[in-house]
Trainee: 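Got a structure for you, questions after.
Whatever order the structure lists them in is the order used to number ligands and atoms, beginning at 1. Keep in mind that the numbers below use all heavy atoms, side chains included, and drop hydrogens, waters and symmetry copies.
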Amino acid sequence: MRVILIGAGISNALISFLLRRQYGPEINLLVFDKGRSIGGRMTTSYGSEENRHCFVDIGAQYLTLTKSNSTTTKFFQQLIDDRVIELLDRQNIIGMHEKPDKIDYIAPRGIASIVRYFFEQAVVEMNLSKHITKIDLNSTNNKFGISTNEEKLDEAEAVIVTVPAPQVLTQFKGSIAKLIEDNKEVKDKLGQVKYSSRFSVGLFYPPSITNLNIPWRIYYVDKNENDCLRYLAIDNVKRNKNEPPFSLIAHTNIEFGAKYAEADKAIIGEQIKENIFQFLPKLPRDISNTKYHKWKYSQVIQSYPDKPGYVLLNEHPLLVLAGDSFAAESSFEACIEAAIETVKKISGLFK
Ligand SMILES: Cc1cc2nc3c(=O)[nH]c(=O)nc-3n(C[C@H](O)[C@H](O)[C@H](O)COP(=O)(O)OP(=O)(O)OC[C@H]3O[C@@H](n4cnc5c(N)ncnc54)[C@H](O)[C@@H]3O)c2cc1C
């Protein structure tokens, strides 16, 4: 059995991991992503080749476990045992809500190392820089084929797509578009999924900078303090590494993200950078590198109705939509629960 997974984010990493655990070597897992690196919104961004030890978690920041959730606890425990994650130190964090039933973890090697871990455990064939634009049924062999604008890439008996729902509606041509068009209920529900938008700015410091003159590791910015910034972290300190090279990550609030959702990320990024230096006047300005990212689809503000974890578009051959659009919320924990539901459903349909 061959399974094509479109999207190299945490949802497909978990789905691959669960499929491998269930089927062992009899399944071939082929992952395709338009990006140049794995992780999706759980991505780690590096300053430069010369300053490889300087990096920031540019999207997701930390993982939150609900202590009473015995299902997700097992996944967290495996990551702890294999030294992929460790506790977030709660000291010197400003403005974070106390949640008695929750516990937070960081990834010392960057948040993308969590996604990489599950893909490695699953032993997948990874194909990056492949922007899929078409998913089409080949009726002669009853398989779905996937293509970029330039070439036909592969085909399989099962295709799992974990791209955010608004992008599913606009990015794909071929049978997938027709299946959605012909199913009014699914089309309407996909149209109801809404995401917030945010910008991220990462500042990378050379090893010669030994102090950022900042007394906290994470700062949640209140709306009354600043109308652009929402979250700031000294990223290496957040990852329990309080030594050079230093890096800082800033996320804007969602109102700012919505206002500039269609704007050029470099122009807005410069504006955000100036905002950071005004907000933190003691922050050194001699950075070695800056990275900007626009998350047009950042976190789900309205999930697919009833949050089923997945949507089945076709049974044989199998075509499934999954990912955080169908989960309870945009979080690692919710992605675990959605991936479990997805695999439960599709494994019943594998011939
Ligand atoms: C700024 C920010 C902060 C966050 N903070 C946290 C946090 O602290 N804790 C937490 O748990 N969660 C957080 N989240 C949410 C979390 O990152 C997401 O819920 C989770 O990563 C979603 O994973 P996914 O695999 O479903 O989707 P994604 O990670 O978006 O993966 C989808 C993949 O599909 C690829 N793709 C899209 N279109 C195509 C195409 N046509 N062809 C090929 N590939 C394609 C994309 O490149 C992407 O890699 C945050 C998210 C953001 C953006």
Trainee: Of the protein's non-hydrogen atoms, which lies at the shortest distance from atom 27 (O) of ligand 1, and what is that distance?
Mentor: Arg41 NH2, 3.0 Å
Trainee: Looking at Lys134 and Phe172, what are the two nearest heavy atoms and their distance?
Mentor: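 Closest approach of Lys134 to Phe172, heavy atoms only: N-CD2, 4.4 Å.
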Trainee: Give the residue, atom name and distance (to 0.1 Å) of the protein heavy atom nearest atom 15 (C) of ligand 1.
Mentor: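 Ranked first by proximity to atom 15 (C) of ligand 1 is Ser330 O, 3.6 Å.
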Trainee: Pairs of nitrogen or oxygen atoms closer than 3.5 Å, one from Tyr62 and one from ligand 1: do any exist?
Mentor: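 For ligand 1, there is an N or O atom that lies under 3.5 Å from one belonging to Tyr62.
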Trainee: Can you tell if the side chain of Phe326 reaches within under 4.5 Å of the side chain of Leu190, non-hydrogen atoms only?
Mentor: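 Result yes, sub-4.5 Å side-chain heavy-atom pair found.
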Trainee: May I ask whether Phe172 has any heavy atom positioned less than 4.0 angstrom from an atom of ligand 1?
Mentor: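 Yes, Phe172 has a heavy atom closer than 4.0 Å to ligand 1.
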Trainee: Would you say Asp101 and Thr66 are linked by a side-chain donor-acceptor pair, where the criterion is simply a distance under 3.5 Å?
Mentor: no
Trainee: Under 4.0 Å from a heavy atom of Gly323: give me the atoms of ligand 1 that qualify, with their elements.
Mentor: 26 (O)
Trainee: I'd like to check Pro244 versus Tyr205 (side-chain heavy atoms, cut-off strictly below 4.5 Å). Are they in contact?
Mentor: no
Trainee: Just wondering, are more than 12 heavy atoms of other shown residues or ligands nearer than 6.0 Å to NZ in Lys259?
Mentor: no
Trainee: Do Arg198's NZ or CZ and the ring of Phe256 fall within the cation-pi criteria of under 6.0 Å and 45°?
Mentor: no
Trainee: Given Ile6, which of Val168, Val161, Thr162 fulfils the side chain to side chain contact (heavy atoms under 4.5 Å, CB included) condition?
Mentor: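 Output: one option passes, namely Val161.
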Trainee: State, to 0.1 Å, how close Pro305 and Gln192 come at their nearest heavy-atom pair, and which atoms those are.
Mentor: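 Here Pro305 and Gln192 meet closest at CG-OE1, 3.3 Å.
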Trainee: Would you please determine whether Lys130 falls within less than 4.0 Å of ligand 1 on a heavy-atom basis?
Mentor: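 Lys130: in contact with ligand 1 (<4.0 Å).
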Trainee: Who's closest to atom 3 (C) of ligand 1 heavy-atom-wise, of Gly59, Ala339, Ser196, Ala338?
Mentor: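 Of the listed residues, Gly59 has the closest heavy atom.
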Trainee: Report the part of Trp295 (side chain from C-beta onward, or backbone N, CA, C, O) that has a heavy atom under 4.0 Å from ligand 1; answer both or neither where that applies.
Mentor: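 The part of Trp295 near ligand 1 is the side chain, not the backbone.
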Trainee: For ligand 1, which atoms have a heavy atom of Ser331 less than 4.0 angstrom away?
Mentor: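 Selected atoms, number and element: 10 (C), 11 (O), 12 (N), 19 (O).
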Trainee: Please verify the inter-ring angle class for Tyr46 with Phe55; under 30° counts as parallel, over 60° as perpendicular, anything in between as tilted.
Mentor: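 Tilted, since the angle between the ring planes falls between 30° and 60°.
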Trainee: Provide the number and element of each atom of ligand 1 under 4.0 Å from a heavy atom of Gly40.
Mentor: 29 (O), 48 (C), 49 (O)
Trainee: Measure the shortest side-chain to side-chain distance between Asp33 and Asn127 over non-hydrogen atoms and say whether it is less than 4.5 angstrom.
Mentor: no
Trainee: Can you tell whether the side chains of Lys187 and Glu181 come within less than 4.0 Å, N to carboxylate O?
Mentor: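 Looking at Lys187 and Glu181, the cut-off is met.
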Trainee: So which atom in Leu87 and which in Ile106 form the shortest heavy-atom distance, rounded to 0.1 Å?
Mentor: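 Shortest heavy-atom separation between Leu87 and Ile106 comes out as O-CG1, 4.0 Å.
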Trainee: Does Lys99 have more than 12 heavy atoms from other residues, nucleotides or ligands lying within 6.0 Å of its NZ?
Mentor: yes
Trainee: Just need the protein heavy atom nearest to atom 31 (O) of ligand 1, so name the residue and atom and give the distance.
Mentor: Gly9 CA, 3.7 Å
Trainee: Judged on heavy-atom distance to atom 37 (C) of ligand 1, which of Ile254, Ile58, Thr252, Val163 sits nearest?
Mentor: Val163
Trainee: Give me the nearest non-hydrogen protein atom to atom 11 (O) of ligand 1 as residue plus atom name, then the distance to 0.1 Å.
Mentor: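 For atom 11 (O) of ligand 1, the nearest protein heavy atom comes out as Phe332 N, 2.8 Å.
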Trainee: Could you list the atoms of ligand 1 found under 4.0 angstrom from a heavy atom of Gln61?
Mentor: 5 (N), 6 (C), 7 (C), 8 (O)
Trainee: Do you know the tightest heavy-atom contact between Asn226 and Asn253?
Mentor: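 Where Asn226 meets Asn253 most closely, the heavy atoms are O-ND2, 4.3 Å.
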Trainee: Heavy-atom contacts with His251 under 4.0 Å: which atoms of ligand 1 show up? List them by number with element.
Mentor: 1 (C), 3 (C)
Trainee: Please state which protein non-hydrogen atom is closest to atom 38 (N) of ligand 1 and give its distance, to 0.1 Å?
Mentor: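 The closest heavy atom on the protein side is Gln171 OE1, 3.3 Å.
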Trainee: Can you find an N/O atom of Ser200 closer than 3.5 Å to an N/O atom of ligand 1?
Mentor: no
Trainee: For Ile10, counting its heavy atoms only, list the atoms of ligand 1 lying under 4.0 Å from any of them.
Mentor: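 Once the distances to Ile10 are compared, the set is 20 (C), 21 (O), 23 (O), 25 (O).
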Trainee: Ligand 1 and Asp324, any nitrogen or oxygen pair closer than 3.5 angstrom?
Mentor: yes
Trainee: Heavy-atom contacts with Thr162 under 4.0 Å: which atoms of ligand 1 show up? List them by number with element.
Mentor: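 Heavy-atom distances to Thr162 below 4.0 Å select 27 (O), 32 (C).
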Trainee: What residue and atom, counting heavy atoms only, is the protein's closest point to atom 42 (N) of ligand 1, and at what distance?
Mentor: Ile132 N, 3.0 Å
Trainee: Checking the N or O distance criterion of under 3.5 Å, is ligand 1 in contact with Cys335?
Mentor: no
Trainee: Looking only at protein heavy atoms, which one is nearest to atom 24 (P) of ligand 1, and what is the separation?
Mentor: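 For atom 24 (P) of ligand 1, the nearest protein heavy atom is Ser11 OG, 3.4 Å.
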Trainee: Distance to 0.1 Å, residue and atom name: give those for the protein heavy atom nearest to atom 49 (O) of ligand 1.
Mentor: Asp33 OD2, 2.6 Å
